[in-house]
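Okay, so here's the structure we're looking at.
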Amino acid sequence: MTQETFNAQKIPAVLFVCSKNGGKSQLAAGLMKQLAGGAVTVYSAGTKPGRSLNPQAVESLTELGIDITGEHPKPVTDEVLDTVDAVIILGTEAKLEPHEGTRFEIWETDEPSDRAIEGMERMRLVRDDIKARVQKLHSELTGD
């Protein structure tokens with residue numbers, strides 16, 4: 001196998017980051033895993049990992065047939081940063097320095113609570129905003 005053939009078969013990898021790694025980054029990771037079906041390696045992490053996942057985030061994915069039970073908040077590691085092709089920060093709370101040679105984006109996600117929308121209604125709006133962005137990113141990473 002030539003180097004060019006090997007490179008053509010490399011699976012792109014993405015890291016989704018938020019502050020606690022309990023909500024938005026877990027939503028994005030779950031959505032990308034379902035959409036990519038193995039065509040993208042997916043990681044999620046938090047700059048200040050919380051103790052548990054946001055139950056409403058888990059439920060909003062369950063509504064789409066995505067099961068993230070078994071996931072837990074994880075810290076950002078240099079090992080993962082060195083592995084991925086793209087780092088996506090969700091929201092403005094998490095702070096992370098761009099990694100040289102790695103695509104780096106900040107997604108300022110919809111915040112329905114600013115409009116007095118709370119609970120599951122809020123989480124579905126956040127999920128759907130992230131889902132649209134994940135679909136676009138998936139197309140860019142895979143060429144589909």
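Here the structure is a predicted model, which means the values were calculated and not measured. By convention here, the first residue in the shown sequence is residue 1.
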- Task: Compare all side-chain heavy atoms of Met120 with those of Glu59 and state whether any distance is below 4.5 angstrom.
- Result: yes
- Query: Does the side chain of Arg124 reach to within under 4.5 Å of the side chain of Arg127, using non-hydrogen atoms?
  - Reply: yes
- Which pair of non-hydrogen atoms, one from Pro12 and one from Ala39, has the smallest distance, and what is that distance? CD-O, 3.4 Å
- Item | Co-membership, hydrophobic cluster, residues Ile11 and Phe16, 4.5 Å side-chain | no
- So, for Ala57 and Gly23, which heavy atoms are closest and what is the spacing to 0.1 Å? CB-CA, 4.0 Å
- Message: Tell me which pairs pass salt bridge (charged side-chain N to carboxylate O under 4.0 Å, His left out) where either residue lies in residues 14-24, with sequence neighbours left out.
- Response: Lys24-Glu111
- Message: Could you check whether any side-chain heavy atom of Val17 comes within less than 4.5 Å of a side-chain heavy atom of Leu90, counting everything from C-beta outward?
- Response: no
- Supply the atom-to-atom distance His99 NE2 to Asp78 CG, rounded to the nearest 0.5 angstrom. 6.5 Å
- Query: Considering residues at least two apart in sequence or located in another chain, which fulfil the side chain to side chain contact (heavy atoms under 4.5 Å, CB included) criterion with Glu71?
  - Reply: Gln26, Lys33, Leu53, Ile68, Lys74
- Item | Any Val84 side-chain heavy atom under 4.5 Å of Val14 side chain | no
- Note on the structure: To the nearest 0.5 Å, atom CG of Leu27 lies from atom CD1 of Ile130 at 5.0 Å
- Item | Side chains of Leu61 and Asp67 in contact at under 4.5 Å (non-hydrogen atoms) | no
- Which pair of non-hydrogen atoms, one from Ser25 and one from Ser44, has the smallest distance, and what is that distance? O-CB, 3.7 Å
- Same cluster for Ile106 and Val80 if Ile/Leu/Val/Met/Phe/Trp/Tyr side chains link at under 4.5 Å? yes
- Task: Compare all side-chain heavy atoms of Ile89 with those of Phe104 and state whether any distance is below 4.5 angstrom.
- Result: yes
- Query: Rounded to the nearest 0.5 Å, how far does OG of Ser60 lie from CD of Glu121?
  - Reply: 13.0 Å
- Item | OG1 on Thr92 to CH2 on Trp107, rounded to 0.5 Å | 15.5 Å
- Does anything in residues 79-97 pair up under salt bridge (charged side-chain N to carboxylate O under 4.0 Å, His left out), and if so which pairs, sequence neighbours excluded? Lys10-Asp85
- Partners passing side chain to side chain contact (heavy atoms under 4.5 Å, CB included) against Thr83 (at least two apart in sequence or in another chain): Tyr43
- Task: Evaluate the side-chain proximity of Val87 to Arg103: yes if any heavy-atom separation is below 4.5 Å, no if none is.
- Result: no
- Same cluster (ILVMFWY, side-chain, under 4.5 Å), Val42 and Leu137: yes
- Item | Non-hydrogen atoms of Pro49 and Pro73 that approach each other most closely | CB-CB, 4.0 Å
- Item | Heavy-atom side-chain proximity of Ile66 to Leu31 below 4.5 angstrom | yes
- Which pairs pass salt bridge (charged side-chain N to carboxylate O under 4.0 Å, His left out) with one or both residues in residues 42-56, sequence neighbours excluded? none
- Item | side chain to side chain contact (heavy atoms under 4.5 Å, CB included) against Asp110, all qualifying residues, sequence neighbours excluded | Pro112, Arg115, Leu125, Asp129
- Query: So, Asp144 versus Ser139: side-chain donor-acceptor pair below 3.5 Å or not?
  - Reply: no
- Message: Restricting to non-hydrogen atoms, name the atom on Ala94 and the atom on Cys18 that form the minimum distance, rounded to 0.1 Å.
- Response: CB-C, 3.6 Å
- Message: With rounding to the nearest 0.5 angstrom, report the CD to CE distance, Glu63 to Met123.
- Response: 10.5 Å
- The reported gap from CG in Leu141 to CG in Leu35 (rounded to nearest 0.5 angstrom) is 10.5 Å
